[in-house]
Amino acid sequence: MAGRKMRKSSALSFPLLLTALHRCPMHNAMTPVPPDSQITRRIRDGLDRICAVMRADQWTIAGTAGLNPTQAHVLTYIAGRAEKGVRVGAIAAQLGVSQPTATDSVAALVRKGLLTKAPDPEDARAVAMRITQAGRDIVRGIGLVITATERALETLSDEEQAELLQLVIKTIRALQIAGAISPQRMCVTCRYFRPNAHNEPKSPHHCDYVGVAFGAESLRLDCGDHEALSSSDEQALWRSFTGSFPELNTGYDAMDIASRSNFQPVEESSLSSRGHASKKE
């Protein structure tokens with residue numbers, strides 16, 4: 001079911017999205033709101049109400065594991081980073097909290113035996129945080145809880161959920177461009193993503209990393225196999241993705257640099273049997 005496919009992403013994305021919306025200069029509370037922008041404020045007010053419920057859910061879920069919501073977010077974020085480990089500065093930037101807040105949360109998780117410190121493989125002078133097996137067990141338990149927000153989302157049809165996911169992705173991308181949110185590991189910013197590569201309405205997209213076709217309901221907001229593109233290639237990839245969804249290709253956007261990009265959408269015929277793009281002679 002599409003609702004189940006959305007669950008893991010929705011748990012962290014809406015609070016992060018709301019925090020960024022409040023910090024974004026486009027939504028400065030001191031700026032007079034023109035009449036044609038009133039719907040934007042109503043949508044943000046709606047997200048405020050949804051996030052109030054999500055925050056209550058997060059306190060309940062985190063509390064059952066002996067954590068607060070920030071600690072639960074830190075633990076979940078590090079769990080998705082495999083064995084590489086994460087520096088405290090990266091944790092603070094990703095979750096939109098101050099470095100002292102991230103430091104305090106990390107210290108508490110280390111005391112609880114859920115994280116461990118180790119030298120950063122990229123810089124032996126730095127310290128990276130890694131999750132322990134006990135920490136993974138807690139993250140797994142958190143992921144199994146059905147929240148009130150998720151039950152509400154499951155009242156939407158599969159098509160409505162897929163459309164909402166795409167609108168959330170567009171909003172997150174706009175916030176990234178505005179500098180209000182740190183770069184997210186989304187399909188639509190990944191070098192392995194081949195949008196609209198298949199002539200199949202239910203599975204039009206292709207992931208070159210795993211070599212499979214998939215539909216809009218499976219678009220990821222945070223993927224451990226993500227590899228970032230240059231800004232110009234990312235812009236071209238976005239335009240290729242929104243070719244079938246013109247309503248997503250309007251409004252706030254980066255400057256038009258697609259014409260200077262080397263990125264070219266991959267045709268289905270150029271995908272190898274393993275799914276990876278074939279090299280042209």
Asks: Can you find a pair of side-chain heavy atoms, one from Asp208 and one from His206, that are under 4.5 Å apart?
Replies: yes
Asks: Work out which heavy atom in Ala216 is nearest to a heavy atom in Leu165; give both atom names and the distance.
Replies: O-CD2, 3.5 Å
Asks: Regarding Gln184 and Gln94, is there a side-chain donor-to-acceptor distance under 3.5 Å anywhere?
Replies: yes
Asks: Is the shortest heavy-atom distance from the side chain of His73 to the side chain of Thr70 under 4.5 Å?
Replies: no
Asks: Any side-chain to backbone donor/acceptor pair from Asp57 onto Ala148? Under 3.5 Å, distance only.
Replies: yes
Asks: Between Asp137 and Arg140, does any NZ, NE, NH1 or NH2 come within less than 4.0 Å of an OD or OE carboxylate oxygen?
Replies: yes
Asks: Any non-hydrogen side-chain atom of Ile172 less than 4.5 Å from a side-chain atom of Met186?
Replies: yes
Asks: May I ask you to check whether Phe241 and His205 place their ring centres under 6.0 Å from each other?
Replies: yes
Asks: Of His226, Glu227, Arg173, which meets side chain to side chain donor-acceptor pair (under 3.5 Å) against Thr189?
Replies: His226
Asks: Is Ser182 reaching over with its side chain to a backbone N or O of Ala93, donor-acceptor style, under 3.5 angstrom?
Replies: yes
Asks: Please confirm whether the backbone N or O of Leu167 pairs with a side-chain atom of Thr171, one donor and one acceptor, at under 3.5 Å?
Replies: yes
Asks: With a 3.5 Å distance limit and no angle check, can you tell me whether Thr76 reaches the backbone of Ala72 through a side-chain donor-acceptor pair?
Replies: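 Yes.
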Asks: Only counting residues at least two apart or in another chain, list the ones meeting salt bridge (Lys or Arg N to Asp or Glu O under 4.0 Å) with Asp120.
Replies: Arg87
Asks: Nearest 0.5 Å, please: how far is CG in Leu153 from CD in Glu150?
Replies: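 These two atoms lie 7.5 Å from each other.
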Asks: Which heavy-atom pair separates Leu75 from Gly135 by the least distance, and what is that distance?
Replies: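 Result for this residue pair: CD2-O, 3.8 Å.
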Asks: For Leu237 and Cys187, work out which heavy atoms get closest and say how close.
Replies: CD2-O, 4.3 Å
Asks: Hey, does Phe193 have a side-chain heavy atom less than 4.5 Å from the side chain of Leu219?
Replies: yes
Asks: Is it true that His198 and Ser203 share a donor-acceptor pair across their side chains at a distance under 3.5 Å?
Replies: no
Asks: Has Lys202 got a side-chain atom pairing as donor or acceptor with Phe214's backbone, closer than 3.5 angstrom?
Replies: no
Asks: To the closest 0.5 Å, what do you measure between CG (Leu175) and NZ (Lys170)?
Replies: 12.0 Å
Asks: Nearest 0.5 Å, what's the CD1-CG distance between Ile43 and Asp48?
Replies: 12.5 Å
Asks: Honestly curious: do Leu67 and Trp59 fall in one hydrophobic cluster under the side-chain, below-4.5 Å linking rule?
Replies: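 Per the 4.5 Å side-chain linkage, Leu67 and Trp59 are not co-clustered.
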Asks: Determine yes or no for a side-chain-to-main-chain donor-acceptor pair under 3.5 angstrom, with Arg239 supplying the side chain and Gln235 the backbone.
Replies: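 Not a single qualifying donor-acceptor pair exists.
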Asks: Is there a side-chain contact between Thr132 and Leu115, using heavy atoms and a 4.5 Å cut-off?
Replies: no
Asks: Between Gly113 and Ala134, what is the shortest heavy-atom contact and its length?
Replies: O-CB, 4.0 Å
Asks: Heavy atoms only: give me the nearest Arg130-Ala118 pair and the separation to one decimal.
Replies: NH1-CB, 2.5 Å
Asks: Any donor-acceptor pair under 3.5 Å linking the side chain of Thr242 with the backbone of Trp238?
Replies: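 Looks like yes, one N/O pair under 3.5 Å.
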Asks: How long is the gap from CG on Leu164 to OG on Ser157, to the nearest 0.5 Å?
Replies: 10.5 Å
Asks: State yes or no: do Val53 and Ile61 share one hydrophobic cluster built from I, L, V, M, F, W and Y residues joined by side-chain heavy-atom distances below 4.5 Å, directly or via other members?
Replies: no
Asks: For residues Val86 and Tyr77, report the shortest heavy-atom separation together with the two atoms involved.
Replies: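 Residues Val86 and Tyr77, closest heavy atoms: CG1-CE2, 3.6 Å.
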Asks: State whether the side chain of Gln161 and the backbone N or O of Asp158 hold a donor-acceptor pair below 3.5 Å, judged by distance alone.
Replies: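 Such a contact is absent between Gln161 side chain and Asp158 backbone.
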Asks: Does any non-hydrogen side-chain atom of Thr116 lie less than 4.5 Å from one of Val110?
Replies: no
Asks: Tell me whether Asn196 contacts the main-chain N or O of Ser240 through its side chain, where contact means a donor paired with an acceptor under 3.5 Å.
Replies: yes
Asks: Using 0.5 Å steps for rounding, measure from the CD1 atom of Ile181 to the CD atom of Gln176.
Replies: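 The CD1 atom of Ile181 sits 6.5 Å away from the CD atom of Gln176.
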Asks: Kindly indicate whether the side chain of Val210, heavy atoms from C-beta on, has any atom under 4.5 Å from the side chain of Cys207.
Replies: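 Of all side-chain heavy-atom pairs linking Cys207 with Val210, at least one is under 4.5 Å.
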Asks: Let me confirm one number: the CG-CE distance from Leu114 to Met129, rounded to the nearest 0.5 Å.
Replies: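 Nearest 0.5 Å value for the CG-CE distance: 10.5 Å.
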